[in-house]
Asker: 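The following block contains the structure, expressed as C-alpha cells.
We're numbering straight along the sequence, starting at 1. These numbers come from the heavy atoms of this one structure, side chains and all, not from hydrogens, waters or symmetry mates.
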Amino acid sequence: MDFNVKRLAADAGTLFSRAVQFTEEKFGQAEKTELDAHLDNLLTRAETTKHWTEKILKQTEVLLQPNPNVRIEEFLYEKLDKKVPTRMNNHELLGQSMIDSGNEFGPGTAYGNALIKCGETEKQIGGAERELIQSSAINFLTPFRNFLEGDFKTILKERKLLQNKRLDLDAAKTKLKKAKMADARALAEQDLKMTQSEFDRQAEITRLLLEGINSTHAHHLRCLNDFVEAQMTYYAQCYQYMVDLQKQLGNFPSAFSSNNNQSTASGAASISVPILPLSGPLPANTANASSGFTELQNFSGSRKARVLYDYDAAGSNELSLLADEVIMVSSVPGMDSDWLMGERGNQKGKVPITYLELLN
C-alpha cells in the first residue's frame with residue numbers, strides 16, 4: 001500500500017512539473033529543447049502523409065459510393081461487424097426498369113426489344129461496378145485505412161511520449177539552474193542525466209517509426225497501381241459491353257443516314273435504331289420504296305398499314321401517328337412519292353411512308 005501511494009505521489013509530481021514547464025514555455029519564461037532538424041522533418045512528413053491519406057481515402061469512398069446515406073449505413077455495419085445487406089446499384093436498378101418496361105411494351109416491338117437489350121447491358125455494367133468496388137476496397141481502401149488506424153496511431157503514441165520526455169528533460173534543466181546548494185545540485189544533475197537518457201532513447205524510437213513512412217509510401221504506390229488496374233478493367237468492360245450493345249442495336253452511322261426500319265420478328269432479329277426528324281418526311285430508300293408502296297402509288301385503292309414510330313404532324317394537312325397503330329393509307333394523284341394519305345376514322349392527313357409497314 002505504501003509503495004502504491006509513493007508511486008502515485010511520484011506520478012502526480014511528474015505531471016505537475018510537466019504542466020509547469022509547458023505553461024512557462026507558452027509564456028516564454030522557460031527554455032525549450034528543440035528537436036533536431038531531421039526528426040522534425042520526419043514528423044512533418046508523417047503529418048502530411050496522414051492528411052493526404054485521409055483525403056484520398058474519403059474522396060475514393062465518395063467516388064465508389066456517391067450516396068452519403070449508404071456510406072453511413074455501410075460504416076455502421078462495419079463497426080458492428082455485421083454483413084452489409086446486398087442491394088442493387090444504380091446501373092442494376094436502371095437495367096431492371098428497362099427490362100420490365102421492355103417486357104410491358106412487348107419484346108416483339110422494336111422499342112421493347114431495344115429496352116430489354118439496353119437493360120441487360122446496364123445490369124452487366126452494374127456487375128462490373130460491383131467488382132470494381134470490391135477490388136478497390138480490398139487492394140486500395142483497406143491498406144490506406146490500416147495505416148491511419150494502425151501505424152499512424154502508433155506514431156502518435158510515441159510522439160506523445162517523446163513530448164513528455166522532452167518536458168521532463170527541460171524541467172530537469174530548469175531545476176538544475178535553480179539549485180543553489182551542493183546536495184540539491186548533485187541531485188538535479190543526476191535527474192538531468194536520467195531524463196536526458198530517456199529523451200534520447202524515445203527520440204530514437206520515434207525516429208525509427210517515422211522513417212517507416214518510406215515503406216508506407218512504397219506500399220501505397222503498389223496499392224495505387226492496383227486501383228488504376230481495377231479502374232482500367234472496369235472501363236474496358238463497360239466499353240466492350242456498349243460496343244456489343246451497339247452491334248445488337250444496329251450500325252448507328254448508317255441508321256443516321258438511312259431508314260432501313262423494318263419490323264422485327266418476335267424479337268429475334270437485330271434492331272435498327274432510327275433518328276427521326278422533327279418534321280417532314282425521311283428520305284426514302286430502295287427498301288422503303290418496296291413493291292407494295294409502288295403498287296399502291298401507281299394504282300387507286302387503299303390498304304392497311306402499321307405505324308412503326310410516333311410522328312407529330314408538322315401542319316394541318318398532315319396526320320399525327322402513334323407507334324403500332326393500324327391506319328388506312330392510299331395514294332393521291334400529284335402527291336410527293338414520300339407521302340401517302342392516311343385515314344384514322346374520320347381523320348385524314350398526309351403521312352410519311354418511311355413510318356409505315358404495309359399489311360397483307
Asker: Provide the closest heavy-atom pair for Cys118 versus Met98 in the form atom of the first, atom of the second, distance.
Answerer: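 Looks like CB-SD, 3.7 Å.
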Asker: Taking Asp168 for the side chain and Thr195 for the main chain, is one N or O donor matched with an acceptor at less than 3.5 Å?
Answerer: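 Side chain of Asp168 to backbone of Thr195: no pair is present.
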Asker: Tell me whether Tyr355 shares a hydrophobic cluster with Leu358, the cluster being built from Ile, Leu, Val, Met, Phe, Trp, Tyr side chains joined at under 4.5 Å.
Answerer: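 Yes, because Tyr355 and Leu358 connect within a single hydrophobic cluster, where side-chain heavy atoms sit under 4.5 Å apart.
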Asker: Judged by atom type as modelled, is there a donor-acceptor pair below 3.5 Å linking the side chain of Thr53 to the main-chain atoms of Thr49?
Answerer: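 At least one qualifying donor-acceptor pair exists.
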Asker: Between His38 and Glu211, does any side-chain donor sit less than 3.5 Å from a side-chain acceptor?
Answerer: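 Indeed, the side chains of His38 and Glu211 share at least one donor-acceptor pair under 3.5 Å.
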Asker: Could you give me the CA-CA distance, side-chain angles and deciding distance for Arg201 and Glu198, then say whether salt bridge (Lys or Arg N to Asp or Glu O under 4.0 Å) is met?
Answerer: CA-CA 5 Å; Arg201 178 176 176 275; Glu198 290 179 352; over 6 Å; no
Asker: Working to the nearest 0.5 Å, report the span between CZ of Arg207 and CG of Leu162.
Answerer: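 These two atoms lie 12.5 Å from each other.
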Asker: May I have the step-by-step check of side chain to side chain contact (heavy atoms under 4.5 Å, CB included) for Cys238 and Ile125, ending in yes or no?
Answerer: CA-CA 6 Å; Cys238 292; Ile125 293 175; 3.8 Å; yes
Asker: Looking at Lys304 and Glu343, does any basic side-chain N land under 4.0 Å from a carboxylate oxygen?
Answerer: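 No.
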Asker: Any ring pair (Phe, Tyr, Trp, His ring centres under 6.0 Å) involving residues 195-230? Give me the pairs, sequence neighbours left out, ordered by first then second residue.
Answerer: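 Passing the test, one end in residues 195-230: Phe140-Phe227, Phe144-His220, Phe147-His220.
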Asker: Between the side chain of Ser135 and the main-chain N/O of Leu132, is any donor-acceptor distance below 3.5 Å?
Answerer: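 No, because the side chain of Ser135 does not come within donor-acceptor range (under 3.5 Å) of the backbone of Leu132.
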Asker: Would you find a donor on one side and an acceptor on the other, under 3.5 Å apart, between the side chain of Arg303 and the backbone of Ser330?
Answerer: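 Absent.
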Asker: First locate atom CG of Leu356, then atom CD1 of Ile327, and finally report the distance between them rounded to the nearest 0.5 Å.
Answerer: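 The CG atom of Leu356 sits 5.5 Å away from the CD1 atom of Ile327.
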Asker: Using 0.5 Å steps for rounding, measure from the OG1 atom of Thr354 to the CG atom of Leu308.
Answerer: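 The CG atom of Leu308 is 8.5 Å from OG1 of Thr354, to the nearest 0.5 Å.
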Asker: Would you find a donor on one side and an acceptor on the other, under 3.5 Å apart, between the side chain of Ser302 and the backbone of Val329?
Answerer: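 Pair absent, no side-chain N/O of Ser302 close to backbone of Val329.
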Asker: What pairs of residues pass the salt bridge (charged side-chain N to carboxylate O under 4.0 Å, His left out) test when at least one of them lies in residues 126-143, not counting sequence neighbours?
Answerer: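 Qualifying pairs, neighbours excluded: Glu92-Arg130.
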Asker: Using a cut-off of 6.0 Å, state whether more than 12 heavy atoms not belonging to Asp183 lie near its atom CG.
Answerer: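 Atom CG in Asp183 is not packed in, count stays at 12 or less.
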Asker: Please evaluate residues Val326 and Val307 with respect to the criterion side chain to side chain contact (heavy atoms under 4.5 Å, CB included), reporting the C-alpha separation (whole Å), side-chain torsions for both, the decisive distance (0.1 Å), and the verdict.
Answerer: CA-CA 6 Å; Val326 177; Val307 177; over 6 Å; no
Asker: Is there a side chain to side chain contact (heavy atoms under 4.5 Å, CB included) between Ile99 and Glu122? Walk through the geometry before answering.
Answerer: CA-CA 10 Å; Ile99 291 172; Glu122 289 293 338; over 6 Å; no
Asker: Would you find a donor on one side and an acceptor on the other, under 3.5 Å apart, between the side chain of Asp336 and the backbone of Trp339?
Answerer: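 Checking the backbone N and O of Trp339 against the side chain of Asp336, no donor-acceptor pair under 3.5 Å is found.
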Asker: Near Glu189 CD, under 6.0 Å, is it more than 12 heavy atoms from other residues, nucleotides or ligands?
Answerer: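 Buried by this count: over 12 neighbours within 6.0 Å.
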Asker: With sequence neighbours excluded, tell me which residues meet salt bridge (Lys or Arg N to Asp or Glu O under 4.0 Å) with Glu120.
Answerer: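 Listed in chain order: nothing, the list is empty.
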Asker: Is Glu325 reaching over with its side chain to a backbone N or O of Leu322, donor-acceptor style, under 3.5 angstrom?
Answerer: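 Pair found, side chain donor or acceptor close to backbone of Leu322.
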Asker: How long is the gap from OG1 on Thr121 to CD1 on Ile116, to the nearest 0.5 Å?
Answerer: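 If I round to the nearest 0.5 Å, the distance is 12.0 Å.
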Asker: Where do Arg344 and Gln347 come nearest, in terms of heavy atoms and distance?
Answerer: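 Nearest pair, atom of Arg344 first, then Gln347: NH1-OE1, 2.7 Å.
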Asker: Does the distance from a Lys or Arg side-chain N to an Asp or Glu carboxylate O, for Glu318 and Lys350, drop under 4.0 Å?
Answerer: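 Looking at Lys350 together with Glu318, the answer is no, because their closest N to O distance does not fall below 4.0 Å.
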Asker: To the nearest 0.5 angstrom, please state how far the CG atom of Leu209 sits from the CD atom of Glu204.
Answerer: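 So the CG of Leu209 and the CD of Glu204 are separated by 10.5 Å.
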Asker: Can you confirm whether Lys348 sits close enough to Leu319 that some side-chain heavy atom of one is under 4.5 Å from a side-chain heavy atom of the other?
Answerer: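 Side chain of Lys348 against side chain of Leu319, heavy atoms only: no contact under 4.5 Å found.
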Asker: What distance separates Leu42 CG from Ile155 CD1, expressed to the nearest 0.5 Å?
Answerer: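 If I round to the nearest 0.5 Å, the distance is 9.5 Å.
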Asker: Verify the cluster assignment for Leu224 and Leu64: are they in a single hydrophobic cluster under the rule of side-chain heavy atoms below 4.5 Å apart?
Answerer: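 Yes, because Leu224 and Leu64 connect within a single hydrophobic cluster, where side-chain heavy atoms sit under 4.5 Å apart.
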Asker: According to a hydrophobic-cluster definition based on side-chain heavy atoms being under 4.5 Å apart (Ile, Leu, Val, Met, Phe, Trp, Tyr only), do Leu210 and Leu156 belong together?
Answerer: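 Same cluster.
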Asker: Which of these, Thr48, Leu35, Ile213, sits in a side-chain contact (heavy atoms from CB on, under 4.5 Å) with Leu43?
Answerer: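 So the option named by the test is Leu35.
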Asker: If you look only at pairs with a residue in residues 213-238, which of them pass as a salt bridge (charged side-chain N to carboxylate O under 4.0 Å, His left out), with sequence neighbours excluded?
Answerer: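 Output for this query is empty, none listed.
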Asker: Count I, L, V, M, F, W, Y as connected when their side-chain heavy atoms are under 4.5 Å apart, and connections chain through other members. Are Ile56 and Ile138 then in the same cluster?
Answerer: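 They do not share one cluster, since no chain of ILVMFWY contacts under 4.5 Å joins Ile56 to Ile138.
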Asker: More than 12 non-hydrogen atoms from neighbouring residues, nucleotides or ligands closer than 6.0 Å to CG on Asp200, yes or no?
Answerer: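 Yes, because the 6.0 Å sphere around CG of Asp200 holds more than 12 heavy atoms from other groups.
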Asker: Go through Tyr241 and Leu245 one step at a time and tell me if the side chain to side chain contact (heavy atoms under 4.5 Å, CB included) criterion holds.
Answerer: CA-CA 6 Å; Tyr241 291 148; Leu245 175 62; over 6 Å; no
Asker: Any donor and acceptor pair, going by atom type alone, linking the side chain of Gln202 with main-chain N or O of Glu158 inside 3.5 Å?
Answerer: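 Pair found, side chain donor or acceptor close to backbone of Glu158.
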Asker: Mark yes or no for whether Asn41, through its side chain, and Ala37, through its backbone, hold a donor-acceptor pair below 3.5 Å.
Answerer: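 At least one qualifying donor-acceptor pair exists.
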Asker: Regarding Asp244 and Gln240, do their side chains bring together a donor and an acceptor under 3.5 Å, going by distance alone?
Answerer: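 Yes, side-chain donor-acceptor contact under 3.5 Å.
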Asker: Restricting to pairs with a member in residues 39-51, which pass salt bridge (charged side-chain N to carboxylate O under 4.0 Å, His left out), not counting sequence neighbours?
Answerer: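 Salt bridge (charged side-chain N to carboxylate O under 4.0 Å, His left out) check on residues 39-51 returns Glu47-Arg159, Lys50-Glu54.
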Asker: I'd like to know if the side chain of Ser136 reaches the main chain of Ile133, judged simply by a donor and an acceptor atom lying under 3.5 Å from each other, with no hydrogens or angles considered.
Answerer: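 Side chain of Ser136 to backbone of Ile133, a donor-acceptor pair under 3.5 Å: no, none is there.
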Asker: Transitive ILVMFWY cluster of Met88 at side-chain heavy atoms under 4.5 Å: who else is in it?
Answerer: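 Its cluster mates, by chain and number, are Leu93.
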